[in-house]
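All remarks here apply to the structure that follows.
Every number for a ligand or one of its atoms is a count from 1 in the order of the listing.
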Amino acid sequence: MGCLQVSQKKSSHKPNSDIFAIMLLLDGKIASAAVKKDLLQQTQLIIQSGKRAPHLAAILVGNNGASETYVASKVKNCEEVGVTSTLVRFDSDVAETTLLEAIASLNADPGIDGILVQLPLPKQISEQKVIEAIDPRKDVDGFHPSSAGKLVQGLPTFIPATPYGIMLMLEHFNIETKGKHAVVIGRSNIVGRPMSILLSSNLKRGNCTVTICHSHTPNLKDICLQADILVAALGKPEFVKVDMVKDGAIIIDVGITRVDDPTAKKGFRIKGDVSFSEVSPKASAITPVPGGVGLMTIAGLLKNTLQAYKTNLKI
Ligand code: GUN
């Protein structure tokens, strides 16, 4: 297991401390490469056996910069693991009915195993209608209420890619979760809520006691200070500061916000929800941004796509 261990003086918040601690960098490049290597081996065997490759259809509406980047990365990663992908693009003023018709035709196509519609969508389109239009057997994002309900009941289903990727990361770095107090900041259907369900489930990397915090949680800092595992998924750059984190906590940073920076080549920088420079010396393990959870999200999506293919072809 290729985990990078960084030895750091502990720490900037205890300037005179002579204690040294080992901080484990939860490197998404390393963990996602391991997942992708396994997927490529599986697809190569499938193709050698004469079957077609798994096929993902990605729908992108409009030209939101971040969505363009995410979808381009999904397409590229599909190629890297032997998964065919089709990108279906619509202008930002597309009618809801047109989008729903496109989903219906992908649902009916036996050569398509997985469908994802990149979110967010323009205002004229109901995200809920779009999510519910996807055949649950092809719902590789795991956003359909049928998939979400199965997750709650501990039934086999597609796990939303980001929480799935985080579970894969915990597995890759052999992070013990049983009996720990996990605090999840954020209750979105995409990350926070499914993450809280997985961590509390009776799974190898579950069995945590979980607290979910959100915008109406009055004593957020006190709760975060109790976290053995802190998952920050609220979308506010550098929200989690050193005074919110317990010594030795495991920090999972889900944030990927573009923050304007005229000195950067692209005019922006990607910031996580955690102040990495402040928090990392205090943590026992932490994900970087970029290069952490984002890469694992793609790994989760690819695993779901291969699963959808196997179910579709009854392999
Ligand atoms: N927008 C932000 N995260 C995601 C994701 O995981 N899937 C899709 N389809 N859209 C997103």
Side-chain angles (χ1 to χ4, degrees), residues 28 32 35 56-78 83 85-90 92 94 99-100 102-103 106-107 112-123 125-136 138-148 151 157-169 184 186-195 197-198 231-237 252-258 270-273 287 289-290 292-305 307-308:
S32 69
V35 173
L56 173 73
I59 300 182
L60 177 60
V61 181
N63 47 15
N64 172 287
S67 292
E68 292 264 6
T69 305
Y70 298 147
V71 171
S73 180
K74 289 172 185 180
V75 166
K76 178 169 167 276
N77 276 272
C78 278
V83 171
S85 66
T86 298
L87 174 57
V88 184
R89 298 195 66 130
F90 292 98
S92 58
V94 66
L99 192 54
L100 294 174
I103 293 169
L106 293 168
N107 282 341
I112 296 289
D113 305 295
I115 303 169
L116 75 83
V117 180
Q118 190 63 29
L119 303 179
L121 292 170
K123 281 189 220 55
I125 297 167
S126 155
E127 287 190 353
Q128 193 60 29
K129 265 194 202 169
V130 166
I131 287 167
E132 292 187 23
I134 295 172
D135 183 332
K138 301 191 179 190
D139 177 33
V140 287
D141 259 331
F143 296 164
H144 194 286
S146 152
S147 307
L151 186 70
T157 186
F158 296 114
I159 301 168
T162 300
Y164 191 12
I166 293 169
M167 297 304 276
L168 293 169
M169 181 174 253
V184 179
R187 57 178 163 183
S188 72
N189 289 340
I190 296 180
V191 185
R193 204 178 298 277
M195 192 71 242
I197 291 159
L198 287 163
V231 181
L234 70 162
K236 287 196 180 166
I252 308 292
D253 188 348
V254 183
I256 321 180
T257 307
R258 291 181 171 199
I270 302 291
K271 294 243 185 232
D273 287 351
T287 61
V289 176
V293 170
L295 298 174
M296 298 313 295
T297 295
I298 299 204
L301 171 71
L302 297 172
K303 272 184 82 82
N304 279 341
T305 304
Q307 186 54 54

Open item on the list: Please enumerate all residues that pass side-chain contact (heavy atoms from CB on, under 4.5 Å) together with V289, with sequence neighbours excluded.
Closed with: D253, I270
Ligand 1: protein N/O within less than 3.5 Å of ligand N/O:
unit_1, atom_1, unit_2, atom_2, d
ligand 1, 1 (N), Q118, NE2, 3.4
ligand 1, 1 (N), L119, O, 2.9
ligand 1, 7 (N), D141, OD1, 3.2
ligand 1, 7 (N), D141, OD2, 3.3
ligand 1, 9 (N), V117, O, 2.8
ligand 1, 9 (N), D141, OD2, 2.6
ligand 1, 10 (N), Q118, NE2, 3.4
ligand 1, 10 (N), L119, N, 3.0

Task: Spatial distance of atom NZ (K74) from atom CG (L116) [nearest 0.5 Å] - done: 5.0 Å
Task: Inter-residue atom distance N64.CG - L119.CG, 0.5 Å rounding - done: 11.0 Å
- [ ] Could you tell me which residues satisfy side-chain contact (heavy atoms from CB on, under 4.5 Å) with N77, sequence neighbours excluded, listed by chain and number?
- [x] K36, S73, E80, I298, L302
Open item on the list: Taking CG in N189 as the centre, count heavy atoms belonging to other residues, nucleotides or ligands within less than 6.0 Å. Is the count above 12?
Closed with: no
Task: Sequence-distant partners of T297, side-chain contact (heavy atoms from CB on, under 4.5 Å), two or more places apart - done: A161, T162, V293
